[in-house]
Structures are given as structure tokens and as C-alpha cells.
Amino acid sequence: MTGAPARLLTWLAVMATLLTACTPAVDLTEADAGQPIVSSSAAPTTGDVEAVPSTSATQTPAPPQPAPPPVVPQAFALNLYQEGDFVPQYTFDWCVAASIQMAHNLIDDTGGGTWASSAQQSELWEMARARSSNSFNGANPRGWAQVLTEVGMGPYAVVSVATYEDTLQTAARAIAETGRPVGLVMWSGRHAWVMSGFESIGDPAQFPEFQVTGIRVLDPLYPHGSGQWGASPEPNSLLTPEQLATQFVVREPRRWSSDLPTGYLLVLPVAA
């Protein structure tokens, strides 16, 4: 019996030692005060700013974007003409006055009335003739441009362009930018047509080097034409540059236009 109590005491001593090793070391005084227990693995802080662990991760650059496809000029067309805008010249002298009437009709889309009477055409011819530098020869392009400006369709100016291609581009660009027609000085200065629109490869607003492929014209002499220069095209005809070139030719300077170089003459709308 004496050996059993001794073994029992030894066993109890070993169990007490094991229980002591499994008990966490806690400050009971601090725990009783309601203070949080901070584990040894908490991140350190500096002042009021919580320390953030650094990372070695790097951002992946965005892949390069493909270049946009090149812009290719497309077919473009602009025409100011509407049915009823054409006016014939009532005498063989009044082509400038008839062209002024047609310009008004092409510009005015408010329904304010068509300019077409013979009496008005006579008045406009007298106005243009009085404003021309050599009224003995009738109305010239300077009088034409001045009347257009004075009656509220301007400003217009007479310009001379050296090359045919540049002339067509200048006229088409002016129509696109102003919404107003261009006067064409035909037959080396003897006749007046109105350019009411055009067709091209490329929009003039987007492509400075657009190509004019068609010209919309109004010849106030229609349907008579000229034995020397050819037939008058029907109103609102679309002519190729080659067809127009048979009657729209270079003009040499004369007394009223001695300050203008040799070239193709336009009565051109300009931005106000």
C-alpha cells in the first residue's frame, strides 16, 4: 500500500506541470481593467498613421492601340438649285442681270419670292452697268459683284485664278463655305453663267486637295447658245470639267481689269 500512494503523488505532480505549461501568460490585472490584449503579431504603428506593408507588385503597361485606318476621300455633292431658280436673259445684253436674279433665287430659301421679271432684270442691268468701269460696253464682272453685294447677297469679289484645276477648286470651296453660288465669266469675258453646285472626290471641308469631277451650271442664254462657243446647257446641267472648258476659258486683262492677272475669272462669294 505504501508504494501506491507514492506513485499517485508522482502522477499528480506530472499533471500539474503539464497544465501549467498549457496556460497562456495573461496579466489578469490588465484584463480585468477591460484593456485589449495585443498579440505579438500586430503590425507596428507610427503616430496616427497605420503602417502599410510594402509590395513589390508593378502595374502591367496597357498594350499599344492599333493606328486608325487612313481616311479615303469619298464622293461628295452639293447643289443649291431648286426648281424655279432659273431665269432667262430677256435680251442678248442682260446676262449679268439674269445671273443676279438667279443668284438671289439660289440663295433665298425663305419663300420670299422669285426674282424673274423682265422689268427687274432691266433695273439690275442698269445698276451693274453704272457700277462697271466701262459702261459703254455694258455690265462687266465688277458691276456684277458690286450689285450682288449691295442687294444683300454679298460680299462678292472678282478674282482671277491662273490654272483651271485651281479655279474649279476655288469655286467649289467657296460654294461649300458660304452656301452661295459663283459667277463664271465665260467666253473670254463676253458672257455670264452661274455655278450652282458641284460634285467631287472628297469633301472640301476635309480634304484641301479634293478633285472636282462635275460642275452644276445655269446659262441664262438657254436655249439659244452661241454659234462660236457652242450650245447652252439645260438649267441645272452637270458638266464635266472637260465640257465646261470648251466655253470657260482664260481671259486676258483689259481696261477695266488691268489690275487682274491673266486667268479664269470668277465672281466669287467671300466670307462676310
Side-chain angles (χ1 to χ4, degrees), residues 58-86 99 102-111 141 144-145 148-149 152-186 192-219 233-251 260-272:
T58 58
Q59 293 183 350
T60 303
Q65 297 298 319
V71 179
V72 178
Q74 302 295 320
F76 180 84
L78 176 60
N79 190 6
L80 305 178
Y81 180 82
Q82 297 183 34
E83 193 67 31
D85 288 344
F86 175 77
S99 295
M102 288 190 287
H104 169 271
N105 298 341
L106 292 165
I107 294 170
D108 183 19
D109 58 359
T110 64
W144 183 2
L148 284 170
T149 301
M153 289 178 274
Y156 272 82
V158 181
V159 300
S160 178
V161 185
T163 67
Y164 187 61
E165 182 179 0
D166 287 345
T167 301
L168 297 183
Q169 286 185 337
T170 298
R173 187 179 295 110
I175 294 175
E177 291 178 350
T178 68
R180 291 179 276 146
V182 171
L184 303 178
V185 181
M186 308 295 292
W193 285 13
V194 175
M195 178 175 169
S196 57
F198 65 94
E199 291 186 358
S200 62
I201 302 300
D203 181 348
Q206 298 181 359
F207 298 93
E209 297 304 320
F210 68 100
Q211 179 185 0
V212 177
T213 58
I215 305 94
R216 295 279 180 184
V217 295
L218 302 171
D219 177 2
E234 293 184 5
N236 195 37
S237 288
L238 180 66
L239 304 185
T240 67
E242 293 75 19
Q243 289 172 324
L244 179 65
T246 62
Q247 301 195 48
F248 184 41
V249 297
V250 167
R251 185 183 189 281
L260 294 173
T262 298
Y264 300 87
L265 293 190
L266 301 173
V267 178
L268 195 72
V270 295

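Side chains are part of it too, since the values below use all heavy atoms of this structure and drop only hydrogens, waters and symmetry mates.
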request  = Mind jotting down which residue pairs meet the ring pair (Phe, Tyr, Trp, His ring centres under 6.0 Å) criterion with at least one end in residues 165-186? Sequence neighbours excluded, please.
outcome  =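 For residues 165-186: none.
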Side chains of [X] and [Y]: closer than 4.5 Å at any heavy-atom pair?
X      : Y      : value
Phe76  : Phe207 : no
Trp144 : Ser99  : yes
Val158 : Val185 : no

request  = Output, in order, the C-alpha distance, side-chain angles, deciding distance and verdict of side chain to side chain donor-acceptor pair (under 3.5 Å) for Asp85 and Asn236.
outcome  = CA-CA 9 Å; Asp85 288 344; Asn236 195 37; over 6 Å; no
Result block: side-chain N/O donor-acceptor pairs under 3.5 angstrom for residues 171-183, not counting sequence neighbours:
residue: Arg173; atom: NH2; partner: Pro208; partner atom: O; Å: 3.1
residue: Thr178; atom: OG1; partner: Ala174; partner atom: O; Å: 2.7
residue: Thr178; atom: OG1; partner: Arg180; partner atom: N; Å: 3.2
residue: Arg180; atom: NH1; partner: Met153; partner atom: O; Å: 3.0
residue: Arg180; atom: NH1; partner: Gly154; partner atom: O; Å: 3.3
residue: Arg180; atom: NH1; partner: Pro155; partner atom: O; Å: 3.1
residue: Arg180; atom: NH2; partner: Val270; partner atom: O; Å: 2.6

message = As a test of understanding, state which of Leu244, Thr213, Val161 forms a side chain to side chain contact (heavy atoms under 4.5 Å, CB included) with Leu168.
response =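 Result: among Leu244, Thr213, Val161, Leu244 is the only option passing the side chain to side chain contact (heavy atoms under 4.5 Å, CB included) with Leu168.
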For [X] against [Y], the heavy-atom pair lying closest together:
X      : Y      : result
Phe86  : Met102 : CD1-SD, 3.6 Å
Leu238 : Gln243 : O-OE1, 4.2 Å
Asp219 : Ala192 : OD1-O, 4.5 Å

message = Rounded at 0.5 Å granularity, tell me how far CD in Gln169 sits from OG1 in Thr163.
response = 8.0 Å
query = To the nearest 0.5 Å, how far apart are CD1 in Ile215 and OG1 in Thr240?
reply =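 It comes to 7.0 Å.
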Name each donor-acceptor pair under 3.5 Å that joins a side chain in residues 260-268 to protein atoms two or more places apart or in another chain, with its distance.
residue: Thr262; atom: OG1; partner: Glu252; partner atom: OE1; Å: 3.1

Side-chain donor/acceptor of [X] to backbone N/O of [Y], under 3.5 Å:
X      : Y      : answer
Gln211 : Glu209 : no
Tyr81  : Arg216 : no
Gln247 : Met186 : no

Please tabulate, one pair per line, all N/O donor-acceptor pairs under 3.5 Å involving side-chain atoms of residues 195-203, not counting sequence neighbours.
residue: Ser200; atom: OG; partner: Gly202; partner atom: O; Å: 2.8
residue: Asp203; atom: OD1; partner: Ala205; partner atom: N; Å: 2.9

task = Not counting sequence neighbours, which residues clear side chain to side chain donor-acceptor pair (under 3.5 Å) with Asn105? List them please.
result = none
inquiry  = Just to verify, what does Thr149 make a side chain to side chain donor-acceptor pair (under 3.5 Å) with, not counting sequence neighbours?
reply    = none
